[in-house]
Structure formats: structure tokens, C-alpha cells
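All chains are named by letter (A, B, ...) in the order of the sequence lines, taking the proteins before the strands, and each is independently numbered beginning at 1.
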2 protein chains.
Amino acid sequence: MRDVTSPPASTPRTARALAREAITHEILAAARARLAEDGPAALSLRAVARDVGMVSSAVYRYVENRDALLTALIVECYDELGAAVEDAEAAVADRADVTSRWLAACRAVRTWSVTHPGEFRLLYGTPVPGYAAPPDTIDPATRLVLVLVAVVADAHDDGAVPPLSPTAQGDLTELVAGARDFVAARGLIEDAPPELVVRTLMAWTTVLGTVSFEMFGHLANTVSDPEAWFDVVALRLAADLGIGL
Amino acid sequence: MRDVTSPPASTPRTARALAREAITHEILAAARARLAEDGPAALSLRAVARDVGMVSSAVYRYVENRDALLTALIVECYDELGAAVEDAEAAVADRADVTSRWLAACRAVRTWSVTHPGEFRLLYGTPVPGYAAPPDTIDPATRLVLVLVAVVADAHDDGAVPPLSPTAQGDLTELVAGARDFVAARGLIEDAPPELVVRTLMAWTTVLGTVSFEMFGHLANTVSDPEAWFDVVALRLAADLGIGL
DNA sequence: TCTCTTCCGTGAGCAGTGCTCTTGCTTTGC
DNA sequence: GCAAAGCAAGAGCACTGCTCACGGAAGAGA
């Protein structure tokens, strides 16, 4: 019984390949479970091997080494987080209400992070000592940022964004040229005002900084309710971006 | 030859105790050197033992365990960073120029971080898996924040801070009560406006977030000159706080 | 159906880790 | 001068990432 939907030449989906894929998936799942408990740096390949009922060396049939396992996890997590933010933002019915869309996206970032502390550490915590993230990870990583930028871009197109009190200091245009090319290449804003780019970058920094502070305990004894605090921050950032209130 | 300056009863500064102190210091120094290379999670007690020319078990005479070593390093680094920021801020001659004082303090944060990447990871990166920072560390950690708050407080006392466009959303007062008590207890601002506290907290989050982004490589291909970018961010935060331009 | 190749799991092994414990030596205090 | 205390060494335990030779199983081609 042949599978006509997928050509066997390009992807020979034999039973063997399927089993291999399933086991690889099982290994990744076990690794993510371990991740939540001990953190990325302490991720033990032997431990995940035990969890899936294998001997440690057998895992190397499926995963090249520990770094490759980390990379796979990073890509998976970035994608999951990106999807969560995309869904949350897309769920806002009133597309003209950019403030709600911004808040929904930001909240989704925090919600996912709080419910996935181990994964958050992997993505936005200290890089694992000997590990250097390969280029494969930067594309999934941008997915989340694109949602935020898209909201800002929409608000900008509507003309709802007031002039952003430009502080004259050198050529901002050149400084954030990379970021402007980034959004331009994705067809979001053709010729973004540097002011807007700077504000958006700062906002994204503050969003992630706020979540990091909460996750890593730097907010203890300072703010009573982290969730409410995050909302305050997110709304103020929206106001700073000219898309709030 | 007795040392009259220090009473021998409370601190018996014998030659032995001095030698012990010196070796402990040497161990800490070696650990910090290792820190810069491999990061906190990979800090190997055996490696620092080799560096100081000891066998691994010998260091346990001076350091209780790896966590205690980390704690000592954290306290040391927080103090060093705090001192660096204090000095930089104090070096601004014109005390009325709050903007320059703010910028100097912020710049000192970044400069220290960039020149001490390993230590920065230790302080503001992912907490080491099995390690929980003891209460001894929170006091040194606040030292740096106090400098920033003091600048804001001075600006506030001068009355130079304009009304901060309050976005009405629940009772901010209760939300940031911890932070307000914090500054009040240190005699900085007696009855700080919640608006100001919120802004200052956000600014501090953004400052550290910006440095973290740079240090952990999340700013790659986005901003051409991290140092110039940091200045832009810091100055804009000052403007948001009402102490800039 | 038979063979041959490819794949997979096992277990031993190497070098490294944190940490404990015993042993012997040196230094200190009386 | 001697007992006590402190110190460095080394063996040892359980753990880590990773490699490699081995035997078995499963699929592919004839």
C-alpha cells in the first residue's frame, strides 16, 4: 500500500523512517520535560536517555550531540512561542483596535514564558557555555517580533501615530538601518521613520526585560502583582509608541 | 607585634587567619577568571583548584561548596558594579545636570558589563540550575539601582520633572508599594508619586534589557553600533523620566 | 526465499565533574 | 616540647558528554 500523497523519491517515508521520526520526537519531548526542572545548562543527555528507556549511547543515533539537541529545542520553542503570540494577536476581533492587539501579543509573550519557564531560560537566558546558536535559529526567533512590528506598522499606516518627540542625536537612520531593512524586507513598512523603529526596539526590549525580571526573580519585593505590573508596562509602551489610549 | 586597630577578641588576625584570607582571595580571583571564559554554570571547582595549584579537595577547606563560591562571587561582583556606577555618577561635576548624571550612571552599567561578560552573566543571566541566591546578595544588588533612583529623586526635588502623562489604570500606588517603601526606607523620596516609580522601574528594566540584548546576542543584525544605541536608549529614558533635554 | 546491507541498541571505556573521607604532615598555642 | 588544630593530598563514589566495537534485527534486491 503506497502513499501517493508523498513521493517516495524525495521523502521515502518508509516504516523505518517513521519510527525514527517518532523516537526523535520522543527524545525531544523528554528533553523539554527535563529542561523545565534543571535548566538548559544542566540538560543531561544521559538523563533524557533514561527517561525514554534507552542507554545513553543510543540517543546519539538520533541526535548528533548535545548542542544539536539544544538547537532543535530552541527552534521548536521559538516556533511554539511565535505561534502562541500570533494566535493571541489574531484572536482580537476588532482589527482597528491596535492597542488591544498590542496588549494581546505582549500578554501572550508573558503567558507562554510563565507557563514554560525552562523553555524561556533556553531562549532568552544566558547562552549555554560552550554552545553557539546556529543561524537556523534566528528565523524562528524573529517570528514573535514580527507580530509586534506588524501591529505597530498597522497603527502607522492608519496615521494614528502622532509625531514621536524626536530627540536629535546623531543619525538614527544609520544606527537602526539593520532593523529598518529587516521590516522592509518583510514588506511591513516600506520606509519606516527611524523614530518609530527606535521606539519599537525599545518597547520590545522592555517587554522582554520585564518578563526576564519576573522570571529570574529580580522583581521580588518591588512589585506586588507581576501580571498586573506587566499590563501596566505593556500599556505604557503602547502609549509611548503612539498606539495606546 | 600586635595590631591594635582590630581587637583580637572579635577578629583574631593571626598570621594563619591572614594566610587563610589571602588564599581564599586567590581562589575567588581564579574563579572570576574562569567565569569570564566559560560562564557561571560551567564554573568548575576542580579547574580553579588547578589554577591556584591545589588539588580539588583542598579548596573545600576555604569554600564550603560550589554554591557558596558562587554566592561570594555574586556579592563581590554586585559590589564592584555598584561602586563603578557610583563613581561614574559622582564624577559628574555639575550636580544640577541630572541628565548627565543619569547618562553617566547608565553608561557605567554598560561599560562594566561589556568589560566583565562572565560576571554579568553571573549577576543578570539565567540563575544557575540548582543554585538559589541567598538573602545576602540582595543588599549589594540594590546598590546600583539606588544610584539611578537618587538621580531621579534629585530631579524630582528640583521640581524639574514635569507631569508624567498618567495613564489611568487601577491603583498604581498599591502595585508599586514595595518599590516606594524601598526608596522611602532609604530616605531618597519620602512620598514618591507612583507615576515616577513606575517610570523609573521601567527605565531600569529597559537599561538592563538593552545590555542583556547586546551581551546575549539578541541585537545582532539589528543595530549597527551597540554603544551608540545604548546612549540613544538611555537618553530617551531620561526624557521619559522628565529629567532629559 | 535467500542474501546482503543498513540500521539500531548495548555495554565498555575515556576524560571530565562535584563532593566526601581518610591519611599524613606542618604549623600553631600553651 | 607536646598536644591540638589546620591543611594538602589522594583515593573513591556517582555523575556527565561522547566514542567505539559488537551482535541482532529489519529491510532491499536478486
So, the side chain of [X] versus the backbone of [Y]: is there a donor-acceptor pair under 3.5 Å, distance only?
{"X": "Arg180(A)", "Y": "Ala192(A)", "value": "yes"}
{"X": "Trp102(A)", "Y": "Ala234(A)", "value": "yes"}
{"X": "His116(A)", "Y": "Trp112(A)", "value": "yes"}
{"X": "Arg107(A)", "Y": "Phe230(A)", "value": "no"}

Taking OP1 and OP2 of [N], is either one under 4.0 Å from a side-chain nitrogen or oxygen of [X]?
{"X": "Arg20(B)", "N": "dC7(D)", "result": "yes"}
{"X": "Ser44(A)", "N": "dC15(D)", "result": "no"}
{"X": "Arg50(A)", "N": "dT16(D)", "result": "yes"}

Worksheet entry | Spatial distance of atom CG (Asp181(A)) from atom CZ (Arg186(A)) [nearest 0.5 Å] | 10.5 Å
May I have the distance from [X] (atom [atom1]) to [N] (atom [atom2]), rounded to whole angstrom?
{"X": "Ile27(A)", "N": "dG17(D)", "atom1": "CD1", "atom2": "P", "answer": "13 Å"}
{"X": "Leu70(B)", "N": "dG18(C)", "atom1": "CG", "atom2": "C1'", "answer": "12 Å"}
{"X": "Tyr62(A)", "N": "dG9(C)", "atom1": "OH", "atom2": "P", "answer": "3 Å"}
{"X": "Glu26(A)", "N": "dG9(C)", "atom1": "CD", "atom2": "P", "answer": "11 Å"}
{"X": "Arg34(B)", "N": "dG18(C)", "atom1": "CZ", "atom2": "P", "answer": "11 Å"}
{"X": "Met54(B)", "N": "dG10(D)", "atom1": "CE", "atom2": "P", "answer": "14 Å"}
{"X": "Glu21(B)", "N": "dG6(D)", "atom1": "CD", "atom2": "P", "answer": "16 Å"}

Response to the item:
5'-most contact on DNA chain D (nearest-nucleotide basis), Ala47(A) vs Ile23(B), goes to Ile23(B)
Discussion item. Would you say that more than 12 heavy atoms from the other residues, nucleotides or ligands in this model lie under 6.0 Å from the CG of Asn65(B), or not?
Written reply: yes
Worksheet item: More 5' along DNA chain C: Arg46(A) or Val55(A), using each one's nearest nucleotide?
Response: Val55(A)
Fill in: Helical bend (five base pairs per end, nearest 10°) for the helix from dT1(C)-dA30(D) to dC30(C)-dG1(D)
0°
Discussion item. Classify Ser57(B) by what it touches in the nucleic acid, base, sugar-phosphate, or nothing, heavy-atom distance under 4.0 Å.
Written reply: base
Discussion item. Regarding Leu43(A), tell me which of base, sugar-phosphate or nothing describes its non-hydrogen contacts under 4.0 Å with the strands shown.
Written reply: sugar-phosphate
Response to the item:
Of the candidates dC19(C), dA9(D), dG17(D), the side chain of Leu45(A) sits closest to dG17(D)
Discussion item. Given dT19(D), dA9(D), dC19(C), identify the nucleotide with an atom nearest to the side chain of Tyr60(A).
Written reply: dT19(D)
Discussion item. At less than 3.5 Å, do the side-chain atoms of Arg61(A) and the base atoms of dG9(C) form a donor-acceptor pair?
Written reply: yes
Practice prompt. For the pair Asp51(B) and Arg32(B), find out whether any cationic side-chain nitrogen is under 4.0 Å from an anionic carboxylate oxygen.
Written response: no
